Trainee: 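This is the structure, below, for whatever I ask next.
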Amino acid sequence: KMILLGFGVLLFVALHGVAAVPALKALVKQRVGERVYGPAFGVASVIALAVIVLGWRMAEFIPVYEPRPWGWYVNYLLTFVGFLCLGIFLFRGTLRQRLRFPMGLAVIFWAVGHCLANGDAASLILFGGLLAGSIAHIAVAAANGIRPSPETRLGHDGMSFIFGAALYGIMTQLHPALIGVPIFALSR
């Protein structure tokens, strides 16, 4: 069961690693076709996410370390910042240019927060694996000169914050159903 989770994380990281290397991305696009690449990448990413969720839900709880009591609350803040970065990634504001890798940063904030709040083996595989993958992705993409589209749109910075905050709110409501873990256990 942990192997399934690890495989899903590895598949997800590998798929997104292709985008960090322009020559490799161009080769894959050439092989599968320009029009097929985007939808195929999307389907493969959804499959990898489904494998991750399935592996996560099937994984047994094996404690590795005891998280500090404050880790749960720091996770709220870091995950919120991660969702704001996700909003920045989705819109074409100037903040996207300044952050350069807002999606990678979003995953880093989210993963660090969850590593502070969880201390089991499945959490380390999931959050630690995606953290390492995001750091590697940013490093490789920066070394290859990857930059976001230079196109910016007026008002998108503000919209990105509103959208990121809204997604965070939605995820706090869906987290118990999708992941099986309630979010706001404030008495914890």
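For clarity, every value in this text was computed on a predicted model and none was experimentally measured.
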Trainee: For the residue pair P148 and R100, establish whether any side-chain heavy-atom pair is separated by less than 4.5 Å.
Mentor: yes
Trainee: Between Y168 and W110, does the ring centre distance come in under 6.0 Å?
Mentor: no
Trainee: Can you measure from CG (D120) to CD (E66) and round to the nearest 0.5 angstrom?
Mentor: 11.0 Å
Trainee: Where is the tightest heavy-atom contact between G128 and C115, given as atom of each residue plus distance?
Mentor: N-SG, 4.0 Å
Trainee: Is the count of non-hydrogen atoms from other residues, nucleotides or ligands lying under 6.0 Å from F7 atom CZ greater than 12?
Mentor: no
Trainee: Does L27 reach the side chain of Q30, with side-chain heavy atoms less than 4.5 Å apart?
Mentor: yes
Trainee: Kindly give the heavy-atom pair with the smallest separation between I146 and P22, and that separation in Å.
Mentor: CD1-CG, 3.4 Å
Trainee: What heavy-atom pair brings A106 and G82 nearest, and what distance separates the two atoms?
Mentor: CB-O, 3.1 Å
Trainee: Specify whether H16 and F12 have parallel, tilted or perpendicular ring planes, treating 30° as the upper limit for parallel and 60° as the lower limit for perpendicular.
Mentor: tilted
Trainee: Once rounded to the nearest 0.5 Å, what's the spacing between atom CG of L167 and atom CD1 of I162?
Mentor: 12.0 Å
Trainee: Between F101 and A142, what is the shortest heavy-atom contact and its length?
Mentor: CZ-N, 3.7 Å
Trainee: Looking at CZ of F109 and CG of L77, how far apart are the two atoms once the value is rounded to the nearest 0.5 Å?
Mentor: 9.0 Å
Trainee: Any link between L126 and L11 through a network of hydrophobic side chains (Ile, Leu, Val, Met, Phe, Trp, Tyr) touching at under 4.5 Å?
Mentor: no
Trainee: About how many Å separate CD1 of I88 and CD of Q97, when rounded to the nearest 0.5 Å?
Mentor: 12.0 Å
Trainee: So, does R96 use its side chain to make a donor-acceptor pair with the main chain of L90 at under 3.5 Å?
Mentor: no
Trainee: Going from CG on L105 to CG on L84, what distance comes out if it is rounded to the nearest 0.5 angstrom?
Mentor: 12.0 Å
Trainee: Verify side-chain contact (heavy atoms from CB on, under 4.5 Å) between I62 and M2, making sure each step is shown before the conclusion.
Mentor: CA-CA 10 Å; I62 302 171; M2 293 282 187; 3.9 Å; yes
Trainee: Rounded at 0.5 Å granularity, tell me how far CH2 in W56 sits from OG in S123.
Mentor: 3.0 Å
Trainee: If only atom types and distance count, is the side chain of S45 paired as donor or acceptor with the main-chain N or O of F41 below 3.5 Å?
Mentor: yes
Trainee: Looking only at heavy atoms, which two atoms of R57 and P176 are closest? And how far apart?
Mentor: NH2-O, 4.4 Å
Trainee: Under 3.5 Å, side chain of T172 to main-chain N/O of G169, donor-acceptor pair present?
Mentor: yes
Trainee: One pair to check against side-chain contact (heavy atoms from CB on, under 4.5 Å): L5 and I52. What are the steps and the verdict?
Mentor: CA-CA 5 Å; L5 175 61; I52 288 171; 4.0 Å; yes
Trainee: Closer than 3.5 angstrom, by distance alone: can the side chain of D157 be matched with the main-chain N or O of L95 as a donor-acceptor pair?
Mentor: yes
Trainee: Would a hydrophobic clustering, with Ile, Leu, Val, Met, Phe, Trp and Tyr connected at side-chain separations under 4.5 Å, put L124 with V53?
Mentor: no
Trainee: Please answer: with hydrophobic residues joined when any side-chain heavy atoms are less than 4.5 Å apart, are W72 and L116 in the same cluster?
Mentor: yes
Trainee: Would you call the rings of Y76 and Y73 parallel, tilted or perpendicular if under 30° counts as parallel and over 60° as perpendicular?
Mentor: perpendicular
Trainee: Under 4.5 Å between side-chain heavy atoms, counting indirect links through other Ile/Leu/Val/Met/Phe/Trp/Tyr residues: same cluster for L15 and F127 or not?
Mentor: no
Trainee: Looking at every non-hydrogen atom in both residues, tell me the closest pair between T152 and G93 and how far apart they are.
Mentor: CG2-O, 3.8 Å
Trainee: Treat each ILVMFWY residue as a node, draw an edge where side-chain heavy atoms are under 4.5 Å apart, and state whether V140 and I135 are in one component.
Mentor: no
